[in-house]
Structures are given as structure tokens and as C-alpha cells.
Protein chains: 2
Amino acid sequence: MALDHAILVSLLEKPGSGYELARRFERSIGYFWTATHQQIYRVLGRMVADGLLLVREVEQQGRPDKKEYSVAGPGRAALAAWLHKPIEPESLRHDLAVKIRGAAFDDPAALIDEVERHRQAHRDRLAHYLAGELRDFTGPDAPAPQDAGQELQHVVLRGGIAYERMTIAWLDDVLATLHRLEAAGPGA
Amino acid sequence: MALDHAILVSLLEKPGSGYELARRFERSIGYFWTATHQQIYRVLGRMVADGLLLVREVEQQGRPDKKEYSVAGPGRAALAAWLHKPIEPESLRHDLAVKIRGAAFDDPAALIDEVERHRQAHRDRLAHYLAGELRDFTGPDAPAPQDAGQELQHVVLRGGIAYERMTIAWLDDVLATLHRLEAAGPGA
DNA sequence: TCCTTCTATGCAACTCGTTGCATAGACAAG
DNA sequence: CTTGTCTATGCAACGAGTTGCATAGAAGGA
């Protein structure tokens with residue numbers, strides 16, 4: 001249950017509501033983990049019941065009240081325990097790769113539009129990451145690196161950037177292959 | 001339910017038993033999709049019930065009998081339908097990245113061993129992929145590329161190779177960052 | 001003979017994750 | 001004053017995926 005741990009990390013970086021967490025999971029944390037708001041609310045409830053988190057009702061002006069969550073002592077201990085326990089290297093789940101191999105039993109050229117769409121999505125994500133890097137780490141207005149947290153956030157972001165660049169290059173390779181197969185003749 | 005489609009592709013490439021599929025999912029198909037044997041058996045049963053697959057009892061010598069599955073007409077149609085339907089670009093689930101950000105609230109240097117272990121696992125996987133590429137595609141004994149299926153399998157494998165290379169380089173970056181933080185002094 | 005390993009299949013229980021739906025306060029535009 | 005959008009929270013149902021357990025044939029070694 002790594003979502004628990006992702007929530008603990010995010011709340012240690014900054015306490016917030018379920019709604020705010022859901023938005024973070026679309027952004028920075030979402031570089032390497034995704035979660036819907038329903039899932040987040042459910043897990044938050046369970047973690048409070050288990051004593052890992054604290055809740056505080058916060059009245060707001062101009063918007064509905066919210067519940068602000070923060071990490072309790074046992075939550076921090078649970079995170080530390082997880083950090084010291086080895087985990088398995090993750091394995092990929094890449095639908096598009098399944099499609100590419102499946103295309104051998106259909107029309108490979110019909111996949112070109114789909115692959116180009118994915119390529120564009122990865123280009124957009126890369127641009128978004130690079131803008132975030134400039135804003136938070138390498139740009140003129142970025143805060144000077146002072147604490148370990150910032151260094152670590154940056155190296156994770158660099159991982160996201162490297163992943164997107166690699167994926168775009170691979171999709172170019174895929175497109176070249178599909179075009180070659182198309183030129184060689186459908187049904188060859 | 002992309003496991004269904006991964007199974008259809010694998011069985012179109014070559015019919016086989018649940019056990020054989022489980023082993024393929026630890027190898028070639030497993031480059032981009034994973035599944036345990038329990039999940040595979042369950043899905044196979046459902047797909048036969050839905051008329052997507054055919055089963056055939058096969059008696060064997062020197063080992064227990066098996067059930068060989070192959071793709072039925074409706075299965076092929078279902079795969080074609082999925083191939084023509086756009087899918088969402090996938091998002092990552094990277095536990096190690098969560099740990100790296102979480103290390104800011106613990107001892108970053110304590111993560112070094114774990115990261116090195118992952119790096120080694122990725123080096124092993126890369127070596128395995130490269131050996132497979134040499135054997136099946138680029139080596140002197142590899143069959144000449146004749147059909148689209150081989151080209152497509154190769155481009156997917158190249159994706160796996162690119163992913164492992166990128167990951168190893170990133171983990172080197174992570175290790176350098178962790179060492180730098182360690183040198184800067186614990187608790188800085 | 002017993003133990004282990006490999007092949008081969010499967011059930012049951014559980015947790016994780018997704019989808020659809022529902023509610024509600026605050027504000028802005030038409 | 002209705003509609004739409006953004007903030008904010010949540011339930012219910014379902015499907016996907018994991019974990020633990022169980023069985024059994026065949027082979028080889030201690």
C-alpha cells in the first residue's frame with residue numbers, strides 16, 4: 001500500500017486537505033504516483049482511524065470549509081519503517097507496448113495516429129516538467145538549494161524529465177518502424 | 001482490462017497453457033506487463049466462458065497434462081476493437097521515487113544501499129534484454145527479419161532497453177545526490 | 001524412501017484502484 | 001435567477017491485482 005506512504009511524504013512536505021492532495025497528485029507527486037480523490041479520501045479516513053494522521057477543521061472565507069490533515073507521530077514512524085524496508089524494483093505496465101505487438105495481427109499503419117498522440121502527450125508533460133524545474137530549481141527566481149528535501153525533489157524531477165525524453169525518443173523509433181512497415185506494403 | 005489483451009496478443013503469437021503464459025509474462029511480455037499465475041488462470045477461465053478463447057486438453061509425457069489455449073474468432077475481433085480504440089498515456093508508479101522524497105524526513109544516506117540494489121537489478125535486466133536482442137534480432141544466428149511481428153517485437157524490446165539504460169543513468173544521478181548530501185553533513 | 005524441484009492448475013480472501021453518482025458552499029456570468 | 005465553474009467531501013458498486021494456501025504428476029538426488 002504505497003499510496004499511504006506517498007500521502008505521508010506529501011503531508012510531511014506540507015499539510016493539506018484531501019482536495020489539495022488530489023491536486024498535488026496531478027502534479028508533483030503525480031510525476032511518479034497517481035490517485036483519484038475518492039481513493040485519497042478513503043485512505044485518509046483509514047489513516048486517521050489508525051492514528052497515523054491528525055485532522056483539523058479549517059474555516060475558510062470565499063470557499064467551503066476543509067479538513068486539514070497532518071502527520072502524527074505514529075505516521076512518521078510508519079514512514080521511517082517503510083523507508084528502511086527493501087522494496088522490489090518495479091515492473092512496467094505499458095498498454096501501448098501491448099498494442100504495438102498486437103498490431104502485427106491487425107494493420108500496423110493504423111497505429112500511427114495513436115502513437116503520435118501519445119508522443120505529443122509526452123512532449124507536453126516534458127515541457128511541463130522543464131517549466132517546473134526552471135521555476136523551482138534552476139531558474140533565476142528559484143530559491144537557493146538549502147535543504148536535503150529540495151535536492152531530493154529535484155533529483156526525482158530529473159528522473160521524470162529523463163523518462164519523458166527517453167519515451168519520446170522511443171516513440172520516434174516506433175513511428176519510424178511503423179512507417180517502414182507501411183512502405184514495405186500492407187500484408188507483407 | 002489490459003491483461004485480457006496482453007493474453008490475446010501472446011496467444012496469437014503462440015498458443016500455450018496458463019503455465020506457459022505465466023512464464024512468458026516473466027520474460028518477453030513481462031518487459032511491459034506483469035501477471036501472476038493465479039490472475040492468468042482466472043482470466044483464462046473467464047475468456048473461455050466468454051468465447052474469446054478455445055481450450056484443448058493436451059497429454060504430455062514426462063510431465064503433467066496441460067490445457068492449451070488459443071484465440072477464437074471473437075477473441076481476435078475483441079483485440080482488433082481494442083487496437084482501434086484510443087487509450088490514455090500511462091502514468092508511472094514508482095515506489096522508489098516516493099522513498100527518495102521521503103528520505104528528506106529520515107536519513108538520506110540510509111537509502112544508498114537500497115538504490116544500489118535497484119541499480120544492480122536494472123543492470124541485470126538490461127543484460128538480459130541485450131542477450132535476447134542478440135539472440136533473436138541482431139546476432140549472427142538471428143532469423144532474418146521477414147514479418148511485421150518480428151519488427152514490432154524488436155521495437156518493443158528496444159523500448160525496454162532504452163528504459164533500463166535511462167533508469168540506470170538516473171539511479172547514478174540519485175546516488176551522486178545522496179553521496180553529496182551525506183558529505184554535506186547529516187542534518188544539514 | 002524421502003525430499004526437493006519443476007510442471008501444472010486452481011480456490012478463497014483480501015486489498016487496491018476505478019467509475020458513477022451525490023451533495024454542497026461560494027462566486028461569476030448571462 | 002439559473003447555469004456553470006471551482007472548491008470540497010463522500011458513498012456504493014465493481015473490477016483488477018495480490019497473497020496465502022492446496023493439490024498433484026513426474027523426475028532426480030540424498
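Naming: A, B, ... by sequence-line order, numbering from 1 per chain. Computed from a predicted structure; not experimentally measured. Below, all heavy atoms of this structure are taken into account, side chains as well, without hydrogens, waters or symmetry copies.
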Looking at the side chain of [X], which of [options] is the nearest nucleotide?
X: B:Q38; options: D:dA12, C:dG10, D:dA8; result: C:dG10
X: B:Y69; options: C:dA8, C:dG10, D:dG17; result: C:dG10
X: A:P64; options: C:dG10, D:dG10, D:dT7; result: D:dT7

Which whole-number value in Å describes the distance from [X] [atom1] to [N] [atom2]?
X: B:L21; N: C:dG10; atom1: CG; atom2: C1'; value: 15 Å
X: A:D4; N: C:dG17; atom1: CG; atom2: C1'; value: 13 Å
X: A:Y19; N: D:dG10; atom1: OH; atom2: C1'; value: 15 Å
X: A:W33; N: C:dC16; atom1: CH2; atom2: P; value: 11 Å
X: A:E59; N: C:dA26; atom1: CD; atom2: C1'; value: 15 Å
X: B:D95; N: D:dT18; atom1: CG; atom2: C1'; value: 14 Å
X: A:K67; N: C:dA24; atom1: NZ; atom2: P; value: 15 Å
X: A:L3; N: C:dG17; atom1: CG; atom2: P; value: 6 Å

- Query: With nearest nucleotides of DNA chain C determined for B:E68 and B:R93 from heavy-atom distances, which residue corresponds to the more 5′ nucleotide?
  - Reply: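 Upstream on the strand: B:E68.
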
Respond yes when some side-chain nitrogen or oxygen of [X] is under 4.0 Å from OP1 or OP2 of [N], and no when none is.
X: B:R23; N: C:dT7; answer: yes
X: A:Y41; N: D:dT9; answer: yes
X: A:R63; N: C:dC27; answer: no
X: A:Q39; N: C:dG17; answer: yes
X: A:T36; N: C:dT19; answer: no
X: B:S17; N: C:dT9; answer: yes

- Query: Hey, are A:R119 and A:E116 close enough for a salt bridge, meaning a charged N less than 4.0 Å from a carboxylate O?
  - Reply: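 So A:R119 does not pair with A:E116 through a salt bridge.
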
- Pair A:E13 + B:R101, salt bridge at N-O below 4.0 Å: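 A salt bridge links A:E13 with B:R101.
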
- Would you kindly say whether A:H5 and B:D95 are connected by a side-chain donor-acceptor distance under 3.5 Å?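 Result is no, nothing qualifies.
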
- Message: Counting the atoms with a prime plus P, OP1 and OP2 as sugar-phosphate, which does A:Q60 contact under 4.0 Å by heavy atoms, base, sugar-phosphate, or nothing?
- Response: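 Sugar-phosphate contact only.
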
- Message: Using 0.5 Å steps for rounding, measure from the CG atom of B:D141 to the CG atom of B:L134.
- Response: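 B:D141 CG to B:L134 CG: 9.0 Å, rounded to 0.5 Å.
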
- Query: Is it true that a side-chain atom of B:D50 and a backbone atom of B:L52 form a donor plus acceptor pair closer than 3.5 Å?
  - Reply: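 Answer holds: no.
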
- Query: Below 3.5 Å, does any donor atom in the side chain of A:R42 face an acceptor in the base of C:dG17, or the other way round?
  - Reply: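 Such a pair is found, so the answer is yes.
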
